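The block underneath contains the structure these notes are about, expressed in structure tokens.
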Amino acid sequence: MITPPSSTTELLERAWALSGLSIDEIVTRYHVPDHYRHKGWVGQVLEYVLGATAGSSPEPDFVELGIELKTLPINQTGQPQESTFVCAISKIPDAQWQGSCVQRKLNKVLWIPCHQHQIGAPLLWSPSLEQENLLRADWEELTEIIMLGKAEQLTAEQGQVLQVRPKAAHSRILRSDINNNGEATFIVPRGFYLRAHFTAQIIAENYLVCHSRPEH
DNA sequence: GGATGATCATAT
DNA sequence: ATATGATCATCC
């Protein structure tokens, strides 16, 4: 068990100490307990090593600092490989953008890029006014659909930077819900995700990256 | 080749 | 059951 960082500065120092290392080196140096190398493995190793405290509660990873940790898989030109999961959508949607799960998680994020299991330089980020406006507009549009009982009609194609996709162990998992006729139904649990082009913009604005294909 | 929908592992 | 960590696999 590694103690939580007492300040943002300490968290950043710890994160910088990881940059340039491979995930295997980190596991060895920090004596990370053995576990299966599954999909979320890299993120959970970094949580452990940096002393994250939130566990599986719906809070930012570093609760006292209000900072969410996100590993960001990137390719050799610095482009994110995937969308980024933000949070699950609970049965009762958040009423307002301010204070919503998405707003609190994205208010302050420690991005740690990762390429082929090599850890990159950390970035402590908060959305710009423009970015927050985009996020809020999408969130309000998507949340309104959910509040109208039309969650089942949501597809991943809606939303400019934020999207809603299934988030469950598998597609046969169902959760009780109320449809737009006020009737009890069951739907696949869903979550909010950031589109890859949104995180790509964050990387492009904050890192010196290759914008064209590298020469051979 | 990229995005959408599906899925895997763990913690409480 | 539902939150966390995400990536996988299929379709267009």
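Reminder, nothing fancy here: chain letters follow the sequence lines and each chain counts from 1. Since the structure is predicted, the reported quantities are computational estimates derived from the model, not experimental observations.
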Task: Residue whose nearest DNA chain B nucleotide is more 5′ - Ala169(A) or Glu157(A) - done: Glu157(A)
Task: Contact list for residues 177-194 of chain A, test side-chain hydrogen bond (donor to acceptor under 3.5 Å, both in side chains), sequence neighbours left out - done: Asn179(A)-Glu183(A)
Task: side chain to side chain donor-acceptor pair (under 3.5 Å) partners for His115(A), two or more places apart - done: none
Open item on the list: Can you build the contact string for nucleotides 5-12 of chain C? Use B for base contact, S for sugar-phosphate-only contact, and - for no protein heavy atom under 4.0 Å.
Closed with: BBBB----
- [ ] To the nearest Å, give me how far apart CZ (Phe192(A)) and C1' (dT2(C)) are.
- [x] 16 Å
TODO: Please determine if Glu68(A) and Arg104(A) form a salt bridge, counting it only when a charged side-chain N lies under 4.0 Å from a carboxylate O.
DONE: no
Open item on the list: Any side-chain N or O of Arg195(A) below 4.0 angstrom from OP1/OP2 of dT4(B)?
Closed with: yes
TODO: Starting from P on dA9(B), measure out to CG on Asp34(A) and report it in whole angstrom.
DONE: 17 Å
TODO: Would you kindly give the OH-to-C1' distance between Tyr36(A) and dT10(B), to the nearest whole Å?
DONE: 13 Å
TODO: Please lay out, stage by stage, how Ser100(A) and Gln103(A) fare under the test side chain to side chain donor-acceptor pair (under 3.5 Å).
DONE: CA-CA 5 Å; Ser100(A) 68; Gln103(A) 187 268 326; 5.3 Å; no
TODO: Search all heavy atoms of Ala184(A) against all heavy atoms of Ile178(A) and return the closest pair with its distance.
DONE: CA-CD1, 4.3 Å
TODO: Give the nucleotide from the list dA3(C), dT10(B), dT4(B) with an atom nearest to the side chain of Ser90(A).
DONE: dA3(C)
Open item on the list: Without decimals, in angstroms, what is the distance between Gln153(A) CD and dG5(B) P?
Closed with: 14 Å
Open item on the list: Rounded to whole Å, please give me the gap between CD1 in Ile173(A) and P in dC8(B).
Closed with: 10 Å
Open item on the list: Set out, in order, the CA-CA distance, both residues' side-chain angles and the distance that settles salt bridge (Lys or Arg N to Asp or Glu O under 4.0 Å) for Arg29(A) and Asp24(A), then state yes or no.
Closed with: CA-CA 9 Å; Arg29(A) 290 192 192 190; Asp24(A) 288 321; over 6 Å; no
- [ ] Starting from P on dA3(B), measure out to CD on Gln158(A) and report it in whole angstrom.
- [x] 17 Å
Task: Rounded interatomic separation in angstrom, taking CG from Leu162(A) and C1' from dT4(B) - done: 15 Å
- [ ] Take the protein atom CD1 of Ile74(A) and the nucleotide atom P of dG2(B), then report the distance between them rounded to whole Å.
- [x] 15 Å
- [ ] Identify, between Ser171(A) and His197(A), the residue whose nearest nucleotide on DNA chain B lies closer to the 5' end.
- [x] His197(A)
Task: Whether His35(A) and His38(A) hold their rings parallel, tilted or perpendicular, with breakpoints at 30° and 60° - done: perpendicular
